[in-house]
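The structure appears below as structure tokens.
Keep in mind that the numbers below use all heavy atoms, side chains included, and drop hydrogens, waters and symmetry copies.
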Amino acid sequence: MRRVLLAVVLWQVACAATALSAGQAPASPTVRPPAPRTGAEIYRDACVTCHAPDGRGAPQPVVGFDTPLPDFTNCAFASGEPDPDWYAVVHRGGPVRGLDRHMPAFGDVLSPREIELAISHVRTFCGDPRWPRGDLNFPRAFFTEKAFPENEAVWETTFAGGSEAAVGNALIFERRIGSRSQLELMVPLDLQRLEDGEWRAGLGDVAVAFKRSLFASLEHGRIGAAGAELILPTGQESRELDNGFAIVEPFAMWGQALPRSSFLQMHGGIELPTDTTRGGREAFLRTAIGTTFAQDQGFGRAWSPQVEVLWARPQGESSEWDVVPQLQITLSKLQHVMVAGAVRIPVTQRSERPTQALVYLLWDWYDGSFFDFWK
């Protein structure tokens, strides 16, 4: 046996000597780089201590602080925000979005790709694919309704000058129902100037709307919805703040993500009066196209310029066209409070329809108190 082992050793030495004499180095074992970690492995190594293996959050004795941890299995929470917001919090830590300081920053220990993989794994805790992702929740336009179901409160004001000066105010409340439906209530409070120079104010026609997202594809970046609105004759008729009849408005919406954080939204429908002797039908189509820029390399305040093109065709009349350039700006660090301004410029019938200035203040109330997440 010893002679066999000695022969093997001598043979290996001879092979190595032959290779060296030929100017070649002896072969060495192949060293393979470690395989990239999966999102589940990154989550296990970096996140599981606080957020627990099942994504529901570890108990207070384990984490050592009292701040409630999010439940990633709650689809209403986990699906609502777009990936860039998740990325900002993981990369810079909770304070970048006004959240708790106990959420640490991982930008120095995880690569951008590893952060993306970890976020993708967190998304799997919501096991219901019916919930549209927040990446399809495009910025709100003034007239083009979006297809994404939301939880928002909006105060909108319209200023019109000229001989028919008026200030229109509307409180809009939106409530999401389940994964894809939404109820909306709009209460107008109008102020008009009379011919003698005095101003009159009162309640306008209240509107109630329902919409439902019919399809949502994150892969193709598109979302579609349909619904209907009922406009009630609640305004003060003596002050000419109402139509005097109800209007039913079926509609449909579509949104499409475009390259470089841009987007396209469309909203069309028809107004059907319940009293055709006093009001006629009107078809409309509204289109908004815009983009979003974020300060501080994508971690700061978001600016979303966009332009709307409005078309309407009242029954028996010629088409009306308007252009509405506008800008939306996030105010809070969490980006749940926003402000926007716009100008509605008539392209046709300019002598009959004045230019209007518009502003709105938006609060995404589901994300938290209006006064939280500012610092």
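Partners of C126 according to the disulfide (SG to SG under 2.5 Å) rule, which considers only residues two or more places apart in sequence or in another chain, are C75.
Note that R92 lies in the cation-pi zone of F299, set by a 6.0 Å cut-off to the ring centre and a 45° limit from the axis.
The main-chain N or O of R180 is never found under 3.5 Å from a side-chain atom of R130 such that the two would form a donor-acceptor pair. Between the side chain of D135 and the backbone N or O of D83 there is at least one donor-acceptor pair closer than 3.5 Å. Without hydrogens or angle criteria, Q182 side chain to E150 main chain gives a donor-acceptor distance under 3.5 Å. Using modelled atom types, no side-chain atom of Y366 and backbone atom of G80 make a donor-acceptor pair closer than 3.5 Å. Under the 3.5 Å distance criterion, the side-chain polar atoms of Q335 are matched with a main-chain donor or acceptor of G300. With hydrogens and angles ignored, the 3.5 Å screen pairs no side-chain donor or acceptor of W131 with any backbone N or O of G127. A donor-acceptor pair under 3.5 Å is absent between the side-chain atoms of H220 and the main chain of Q256, judged by distance alone. In this structure a side-chain-to-backbone donor-acceptor pair under 3.5 Å is present from W365 to E174. At distances below 3.5 Å, at least one donor-acceptor pair connects side-chain atoms of W363 with backbone N or O atoms of G368. A donor-acceptor pair under 3.5 Å is formed between the side chain of R353 and the backbone N or O of T348.
Residues Q306 and Q328 bring no donor and acceptor atom of their side chains to less than 3.5 Å of each other. Side-chain contact annotation: T144 with Q265, donor-acceptor N/O pair under 3.5 Å absent. Using modelled atom types and a 3.5 Å distance limit, the side chains of T330 and R301 yield no donor-acceptor pair. Between S261 and T291, the side chains place no donor N or O within less than 3.5 Å of an acceptor N or O (distance only, hydrogens not considered).
H102 places none of its side-chain heavy atoms less than 4.5 Å from the side chain of V63. The shortest side-chain heavy-atom distance between V343 and T355 falls under the 4.5 Å cut-off.
Ion pairing of R113 with E116 is present here, as a side-chain N (NZ or NE/NH1/NH2) and a carboxylate O approach within less than 4.0 Å. A salt bridge does not link R286 to E308: none of the charged side-chain nitrogens sits closer than 4.0 Å to a carboxylate oxygen. Looking at E152 and K146, a side-chain N of the basic residue comes within less than 4.0 Å of a carboxylate O on the acidic one, giving a salt bridge.
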- Item | Criterion ring pair (Phe, Tyr, Trp, His ring centres under 6.0 Å) on F72 and W86, from CA distance to verdict | CA-CA 12 Å; F72 295 146; W86 288 78; 5.7 Å; yes

- Message: Does F143 form a ring pair (Phe, Tyr, Trp, His ring centres under 6.0 Å) with H267? I'd like the steps, not just the answer.
- Response: CA-CA 9 Å; F143 299 97; H267 169 207; over 10 Å; no

- Task: Assess whether salt bridge (charged side-chain N to carboxylate O under 4.0 Å, His left out) is satisfied between E114 and R37, documenting all intermediate values.
- Result: CA-CA 8 Å; E114 288 176 321; R37 290 189 295 172; 3.3 Å; yes

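Clustering ILVMFWY residues whenever any of their side-chain heavy atoms sit less than 4.5 angstrom apart, transitively, puts F371 in a cluster other than the one holding V154. V337 and W155 are members of different hydrophobic clusters when ILVMFWY side chains are connected at heavy-atom separations under 4.5 Å.
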